[in-house]
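Worth saying up front: this structure is predicted, and the values here are computed from it rather than measured. In what follows, chains are A, B, ... by sequence order, proteins preceding strands, each numbered from 1.
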Amino acid sequence: MSARPVLSLLLAALVLLFSACGKSASDQAAASGDLVVRIGSAAPLTGPLAHMGKDNENGTRMAIDDANAKGIVIGGKKVHFELISEDDQADPKTATIVAQKLVDEKVNGIIGHLNSGTTIPAAKIYSDNGIPQISPSATAVAYTNQGFKTAFRVMANDAQQGDVLGAYAVKNLGAKRIAVIDDRTAYGQGLADEFIKAATAAGGEIVAHEYTSDKSVDFTAVLTAVKGKQPDLLFYGGMDAQGGPMARQIKALALNVKYMMGDGGHTPEFIKLAGDAALGVYASLPGVPLDKMPGGKAFSERFVAKYQPIQLYAPYCYDAVNVMIAAMQKADSAEPARYLPMLAGISYDGITAKIQFDAKGDLKGGTVTLYQVQKGQWQPLETVGAQ
Amino acid sequence: MEIFLQQIINGLVQGSVYALVALGYTMVYGILGLINFAHGEVVMTGAMLALSALTALIGWGVSPLLALPVSLMLAMAGCMALGYGIERIAYRPLRHAPRLAPLITAIGVSIVLQNLAMMIWGREYHAFPQLIINRPHLIFGAIINDIQIIIVVMAIGLMAGLMVVVHRTRLGRAMRAVAENQHAAQLMGVDVNRVISITFMIGSALAAVAGLMVSANYGLAHYYMGFLLGLKAFTAAVLGGIGNLRGAMLGGLLLGLIESLGAGYIGDITGGFMGSQYQDVFAFLVLIAVLVFRPSGLLGERLAERA
Amino acid sequence: MKNFKFSKRGLLFFLMFVAVLALPFITDALLGRGWVRIVDFAMLYIMLALGLNIVVGYAGLLDLGYIAFFAVGAYCYALTGSPHLALAFPQLFPDGVHLSFWIVLPMAAMLAGGMGVLLGAPTLRLRGDYLAIVTLGFGEIIRIFMNNLNAPVNLTNGPQGISRIDPVRIAGVSLNTTQSVFGITLPSVHLYFYLFLGFAALVAFVSHRLEKSRIGRAWMAIREDEIAASAMGINTRNLKLLAFAMGAMFGGVSGTLFAGFQGFVSPESFSLMESVMVLCMVVLGGMGHIYGVILGGLMLALLPEMLRHSVVPLQQAMFGKVIIDPESLRMLLFGIALIVVMLYRPAGLWPSPVRRRELASDEAAERV
């Protein structure tokens, strides 16, 4: 039988793999006497959200490179920051495995995860091990509602953002009959529900609430159903990959509405995918426009030169790392237990906003900026503070 | 009424897309009795190849009207080679293996193709260039545009063409012989391996066409696009009776219509209790209902009880 | 004195038993605690694979929606062991429902078993690929309901999932905390390992007894030739339903464990890909053979993680830098592994001896 050599080959391969697994990235720069501080990054690097995940990783990496270039000193020692990046595949179960792995590698802090669905279960593991976690992009209210002292975010949550969007749609855009579509993900559904609350409170009427999925490409059926209800504004709770094609289909179906999305739509991808249907579309983004913040413009220019156009959350990752480092400097220690209280009480001028956390770990008074596509670019319209 | 008509059109277009892909599934199944689960990924590869070819050709200043057919040809050629390769590597050695073995290799092939595509073309969504002016047409207030008309016509045309190939040509006769009994066909002088390879290549060429049409219609291509499309097309093929070309067409159209009417009217039917989020539930329930009463699909032949 | 002599086989089993018991400590020491968690998940997957093995391996019914039963079990405990229901019924349950895990477990198993029958009933006449698509649809239907039942009454919390699920408690001791027994400290992941090991062993034992029983033989008769089986007086309808129900019960049990372990469930965890994974475990390991299925479960649960940990270091060692994106390479190698194993061992890595004999004779018949 030819099976035996194959099997033994397979076994040999497994042994090789196992031996390679062990303690991999640990003992590198430590020799030079520097203090090594490990920052963990967790985001989906495979699967449909891979482009967003890579963007997060790059934002985190850039902040770490900057910090290393600055030569920060903590506790009398020069610090070498090290990035440990993991792929959570946007899957909750994998997220907990990745979280445990990062904890094993003795990271001093975590930037992540990207999705709410992965951030929530992973937060429990970080909390159990006392490691501070700053999510750059998880917006579900439930994340900071679990009562963990270690959980923070530098992004306005669904309630904050939905509030602003709903009020703006009714008051500033004069929408009376509003249709809502959401993609049935934790992000899209959460944001859409908060939007509906705020829009109704402001006096708008929700005439249709339809649904799609984050893997769909054809939205003609739901859009036609929406058309039958004759709305004057359509809000889509979801990401750019669906929002862009949806804009094209809105145009193709001659559906005459103002089209609005949350932060998931505010990407260059969206404009690319929507083509000439992108013109006039509204979207929001938490924080203040990069151009208006000190250091913001420089960041985006450097980022684009080094990697690729900013997808979405890279600046938030950059801020998250810097906030974490600022807290370490303030505590003069990179020990999680020591710098955690400093992080909770910090006030830091980031490139996306002035960052302060409330008792839960949410961004205090999260501002949101509204944008519109004009001349093929997202142009800021107005920055609104959440009440 | 306009809305209803528009939903019918939406359903027909979506259904034709499913049918285009389902034809490829059913082709292979009809001859080999094997579900080529990697077919969705071949569709994706076709779309990606066409996109790359188009971008390159237009970059060299070739006129769009010429670039489109050329890149379609290139994509078809690429997919045919891919289909041939998949069959040779992953299916042929397993022709007499337990029935589930080729299923697992098919899953393996899907994973490999998806990740290769991600390495080659990147993780991001690619916008598909709009080459021909996509004019909208009004039919009693409902809208259909050029590309959508082309998709519907193409699906029907390709189905008819395949039927001619299978039922009227020498090759088709060989295919049917292989489907009936591989050993007997071999004894009668049919080169079974060759026929099966050709079947795969035809199926893959169809996939390339489908990929290009889907990308052109929705204006995007992405390494992940094959998965859901493949799944839906497979559902359509089973609904119509897998192995039957007319069944694939019928199943595709039916599934498209069920989805669009489901999305449009579930809310009204259930008084707002359920909405378009249940459109897939609706589609699967129809499928189950059909299979309960006709266990081989709508147009599938009633196979003798064979394991 | 004869009785005290260890047989070689007995000794082997004893050594294996000790090795398995020490596994979390060895893994923790050599590879880190993250790996203990991975092994914990591998145990859950083994349970799932053994459950699916009853349906696919014994009774020969191709099921592509198996993860639905896992989901049913997980949601059962998520609803009855967390503060969540307080949102939907504030008057009735002001603090949510906090039933003990040990009460929920049999309930969840029964419910999942019931769902199994529900799935089985309309599909009795279907075979092969038709059955596959219907079961696939069933799995999706369950997932879609869980994803959307946050309105009009917030039952499942929709895509947001349910968090803050109570940990499993044994005699009042929460497995979420580090315990020490006889001076040995046992972190949470170790405790869960022993819990899962116990359940996996139970599931394997029940599978083994079933395989050797009248029922098991009847299932295999149905698998080989349904008409012949029914001609021999086997009630194929009841036995097929029983296979679905038994498989589903095991799925429900492991789902309940999963919810307690992870503390959070959301519909994303129950996608089609998970069903496909479990099916791969069964087929790759060796359908209908308990050891094979266990091997398949272990391999497929561990392989992607091993690749995750080794792709970057290996590339660095070989080329000095990372050339190919580690994540896509990892999945790529995984796909290739599936293909290669099937090509060289089409009956699975470790097929049952009976199956191997059948295949050999098939091949012989083919050559004639």
Would you mind checking which part of [X] comes under 4.5 Å of any heavy atom in chain C, side chain (CB onward), backbone (N, CA, C, O), both or neither?
{"X": "B:Tyr91", "value": "neither"}
{"X": "B:Leu291", "value": "both"}
{"X": "B:Leu94", "value": "side chain"}

Quiz prompt | Option passing side-chain contact (heavy atoms from CB on, under 4.5 Å) with B:Leu100 (candidates C:Val282, C:Leu284, C:Val56) | solution =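 Single side-chain contact (heavy atoms from CB on, under 4.5 Å) partner of B:Leu100 among C:Val282, C:Leu284, C:Val56: C:Val56.
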Please tell me if the side chains of [X] and [Y] come closer than 4.5 Å, counting only heavy atoms from C-beta onward.
{"X": "B:Thr235", "Y": "C:Ile133", "value": "yes"}
{"X": "C:Leu332", "Y": "B:Met119", "value": "yes"}
{"X": "C:Val134", "Y": "B:Phe284", "value": "no"}

[atom1]/[X] to [atom2]/[Y] distance, rounded to the nearest 0.5 angstrom?
{"X": "B:Ile107", "Y": "C:Met342", "atom1": "CD1", "atom2": "CE", "result": "10.0 Å"}
{"X": "C:Leu64", "Y": "B:Leu231", "atom1": "CG", "atom2": "CG", "result": "9.5 Å"}
{"X": "C:Asn150", "Y": "B:Gln277", "atom1": "CG", "atom2": "CD", "result": "8.5 Å"}

Quiz prompt | Portion of C:Leu272 that has a non-hydrogen atom of chain B nearer than 4.5 angstrom | solution =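 Interface part for C:Leu272: side chain.
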Quiz item: Side chain, backbone, both or neither: which part of C:Leu124 has an atom under 4.5 Å from a heavy atom of chain B?
Solution: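 No part of C:Leu124 comes within 4.5 Å of chain B.
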Quiz prompt | side chain to side chain donor-acceptor pair (under 3.5 Å) contacts touching residues 272-285 of chain C (sequence neighbours left out) | solution =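 Residue pairs with at least one partner in residues 272-285 of chain C: C:Tyr45-C:Glu274.
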Quiz item: C:Leu338, C:Ile141, C:Asn148, C:Leu343: which one forms the most heavy-atom pairs within less than 4.5 Å of chain B?
Solution: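 When all of C:Leu338, C:Ile141, C:Asn148, C:Leu343 are compared, C:Asn148 has the most.
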Quiz prompt | Whether over 12 other heavy atoms sit under 6.0 Å from B:Arg92 CZ | solution =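 Yes, CZ of B:Arg92 has more than 12 neighbouring heavy atoms, counting only those of other groups under 6.0 Å.
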Measure across [X] and [Y] and return the closest heavy-atom pair with its distance rounded to 0.1 Å.
{"X": "C:Pro346", "Y": "B:Ala101", "result": "O-CB, 3.6 Å"}
{"X": "C:Pro122", "Y": "B:Ile288", "result": "CB-CG2, 4.5 Å"}
{"X": "B:Ile104", "Y": "C:Val283", "result": "CG1-CG1, 3.5 Å"}

Quiz item: Counting distance only, does the side-chain N/O of C:Arg125 pair as donor-acceptor with the main-chain N or O of B:Pro295 below 3.5 Å?
Solution: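 Checking the backbone N and O of B:Pro295 against the side chain of C:Arg125, no donor-acceptor pair under 3.5 Å is found.
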Considering only distance and modelled atom types, tabulate donor-acceptor pairs under 3.5 Å from the side chains of residues 262-272 of chain B, sequence neighbours left out.
residue  : atom : partner  : partner atom : Å
B:Thr270 : OG1  : B:Ile266 : O            : 2.9
B:Thr270 : OG1  : B:Met274 : N            : 3.1
B:Thr270 : OG1  : B:Met274 : O            : 3.1

Quiz item: Out of B:Leu285, B:Ile242, B:Leu287, which one racks up the most heavy-atom pairs below 4.5 Å with chain C?
Solution: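 Ranked by contacts with chain C, first place is B:Ile242.
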Practice problem: Let me see the working for B:Asn115 and C:Phe334 under side-chain contact (heavy atoms from CB on, under 4.5 Å), right down to the final yes or no. | Solution: CA-CA 10 Å; B:Asn115 285 284; C:Phe334 180 65; over 6 Å; no
